[in-house]
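In what follows, a single structure is set out as structure tokens and then discussed.
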Amino acid sequence: MITAQSLSDGAAGAALLAAERGEDARPWLAEMVAGPVMAHPDEANLFQGAPAVAFTLATLGQPRALATLDRHVEAITHTRLEAAHRRIDRGELPAKREFDLIAGLTGLGVYLLRRHGGGELLRDVLTYLVRLTEPRPDDLPGWWALDGPAGPAPKWGHGHGNLGMAHGISGPLALLALAMRRGVSADGHADAMRRICRWLDRWRSGEPPRIWWPGAISRAEHDHGTTRSPGPYRPSWCYGTPGIARAQQLAGLALGDPSRQRLAEAALIWCVTDEAQLSQLNDVSLCHGWAGLVQTVWRMGAHDERIRAVVPRLLDGLAVSLLRQPPHERGLLVGETGVLLAQHAASTNAPPITRWDACLLLND
């Protein structure tokens, strides 16, 4: 039953797809809530358990069922915030799941912004993110994660700095930007965004417009001041230039910084017109494949005609890749559901009625 409550690979995503197609989502909703909803603060997050169910119900307009779920989400968020502040008070570094979009407080903030558009608890999350960015005496950023991007490995023995949208600092940057654009802010909000942007600038490679960012850096790279990545990471939403560029485009829009916005857009244009980068995509998924690239480019294209013009060619690339390697799973992040949602949005050129891509921090 836990899988049914997964926005990543369960019935929640299928319900959103049904709604986008104008189909009956009720069978998927029934599957999603057929058993007790998981609300353990160490396990529940935007993509799993009570917050995932609440996000889905909120997008589909189910206010009566949301009252109980909201209490669970509030309790989870308070517990996670208290633990995070205690950790900061001790001067310790976090695990990435404390703050990231997929498992952490950024994801819970996404739900609060989507559900309420503001409120004190969302401001508490933003205040935590501001504190996360404050300078440390050891010169490491406050979001330097003690674990590795994908589990233990010698390279990550001293932690890592994650730049990506899914598990890194681009997620908090995008949430801070979206909240600011909607008139929700915390003390130090703009300064926190600028600190993140400066750090992303530090790890930017190449010369405009042919620029890119590594997905993550090791402690050795941090201490040396340069990345050892031989070239651009695959152009994915989760770790690649598209997600990182979208976060910076949103930051530029929120801060009234057109230079930042244009730099992000130029980086994306080079990324999606460079066959060497596109050739690194080896699946169709929303998380790290063609569908995520299409959705990110389509959203960013709302602010740049040059980007908008690339969308049809990327849709063709997605279609070809689908024929070669159709997904074997049904889920939103890595399966067929996410592919179909991205295809629907880009091909109809209409904002999703459910605003489902808020869970990816892509919507405006």
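Only a predicted model underlies this, so the values are computations on that prediction, with no experimental measurement involved. For the numbers below, each heavy atom of this structure counts, side chains included, while hydrogens, waters and symmetry mates do not.
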Could you check if a side-chain atom of [X] sits within less than 4.5 angstrom of a side-chain atom of [Y], using non-hydrogen atoms only?
X    : Y    : answer
W156 : D147 : no
V73  : Y111 : yes
Q277 : E275 : no
V125 : L112 : yes
V297 : L293 : yes
W213 : S205 : no
D274 : R210 : no
M180 : H189 : yes

Taking [Y]'s backbone N and O only, do any of them form a donor-acceptor pair with [X]'s side chain (distance below 3.5 Å, no angle check)?
X    : Y    : result
E82  : T79  : no
R313 : V272 : yes
S321 : G317 : no
H303 : M300 : no
T296 : P242 : no
N45  : E43  : yes
W237 : L360 : yes
T227 : S229 : yes
R195 : T133 : yes
R97  : G104 : no

Answer yes when [X] and [Y] have at least one side-chain N-carboxylate O distance shorter than 4.0 Å, and no when they do not.
X    : Y    : result
D304 : R308 : no
R198 : D201 : no
R330 : D9   : no
R123 : D187 : no
E98  : R80  : no

Is it the case that one hydrophobic cluster holds both [X] and [Y], taking links as side-chain heavy atoms less than 4.5 Å apart, direct or via other members?
X    : Y    : value
Y128 : W199 : yes
W212 : L163 : no
I307 : I211 : no
W28  : V53  : no
L132 : V110 : yes

Counting only heavy atoms from other residues, nucleotides and ligands, does the tally under 6.0 Å from [atom1] of [X] exceed 12?
X    : atom1 : value
E92  : CD    : yes
R90  : CZ    : yes
H85  : NE2   : yes
H116 : NE2   : yes

To the nearest 0.5 angstrom, please state how far the [atom1] atom of [X] sits from the [atom2] atom of [Y].
X    : Y    : atom1 : atom2 : result
W143 : I196 : CH2   : CD1   : 5.5 Å
H158 : D223 : NE2   : CG    : 9.0 Å
T337 : L16  : OG1   : CG    : 9.0 Å
L122 : R182 : CG    : CZ    : 10.0 Å
I217 : K155 : CD1   : NZ    : 10.0 Å
C287 : L333 : SG    : CG    : 5.5 Å

Exercise. Do you know which of L108, L126, T77 makes side chain to side chain contact (heavy atoms under 4.5 Å, CB included) with L121?
Worked result: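 With L121 as partner, side chain to side chain contact (heavy atoms under 4.5 Å, CB included) holds for just one option, T77.
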For this session: Could you walk me through whether W298 and N349 pass side chain to side chain contact (heavy atoms under 4.5 Å, CB included), step by step?
Result: CA-CA 8 Å; W298 179 73; N349 196 32; 2.8 Å; yes
Nearest atoms (heavy-atom pairs only) where [X] meets [Y]:
X    : Y    : value
L66  : A54  : CD2-O, 3.5 Å
T354 : A19  : CG2-CB, 3.7 Å
L101 : C359 : CD2-O, 3.6 Å
L341 : Q295 : O-OE1, 4.3 Å
L250 : L361 : CD1-O, 3.8 Å
G91  : R136 : O-NH1, 3.2 Å

For this session: I would like to know whether R219 and H160 meet side chain to side chain donor-acceptor pair (under 3.5 Å); could you show each step before the answer?
Result: CA-CA 6 Å; R219 181 61 187 268; H160 77 291; over 6 Å; no
For this session: Please name all residues satisfying ring pair (Phe, Tyr, Trp, His ring centres under 6.0 Å) with H222, sequence neighbours left out, ordered by chain then number.
Result: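 For H222, the residues satisfying ring pair (Phe, Tyr, Trp, His ring centres under 6.0 Å) (neighbours in sequence not counted) are W144.
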Exercise. Stepwise, does the salt bridge (charged side-chain N to carboxylate O under 4.0 Å, His left out) test hold for D89 with R131?
Worked result: CA-CA 10 Å; D89 289 341; R131 198 174 181 205; 2.5 Å; yes
Exercise. Side chain to side chain donor-acceptor pair (under 3.5 Å) between Q249 and E265: does it pass, once the steps are laid out?
Worked result: CA-CA 7 Å; Q249 183 192 45; E265 290 162 354; 2.8 Å; yes
Problem set entry | Full working for side chain to side chain contact (heavy atoms under 4.5 Å, CB included) between L255 and M193 | CA-CA 9 Å; L255 293 169; M193 292 172 64; 3.8 Å; yes
For this session: Take L129 and T106, measure what side chain to side chain contact (heavy atoms under 4.5 Å, CB included) needs, and give me the verdict at the end.
Result: CA-CA 8 Å; L129 292 178; T106 294; 3.8 Å; yes
For this session: Let me see the working for D124 and T127 under side chain to side chain donor-acceptor pair (under 3.5 Å), right down to the final yes or no.
Result: CA-CA 5 Å; D124 289 344; T127 296; 5.2 Å; no
For this session: Show your reasoning for whether side chain to side chain contact (heavy atoms under 4.5 Å, CB included) applies to E221 and T226.
Result: CA-CA 6 Å; E221 289 171 317; T226 57; over 6 Å; no
Problem set entry | Residue pair H167, D100: steps toward the side chain to side chain donor-acceptor pair (under 3.5 Å) verdict | CA-CA 5 Å; H167 295 293; D100 75 0; 2.7 Å; yes
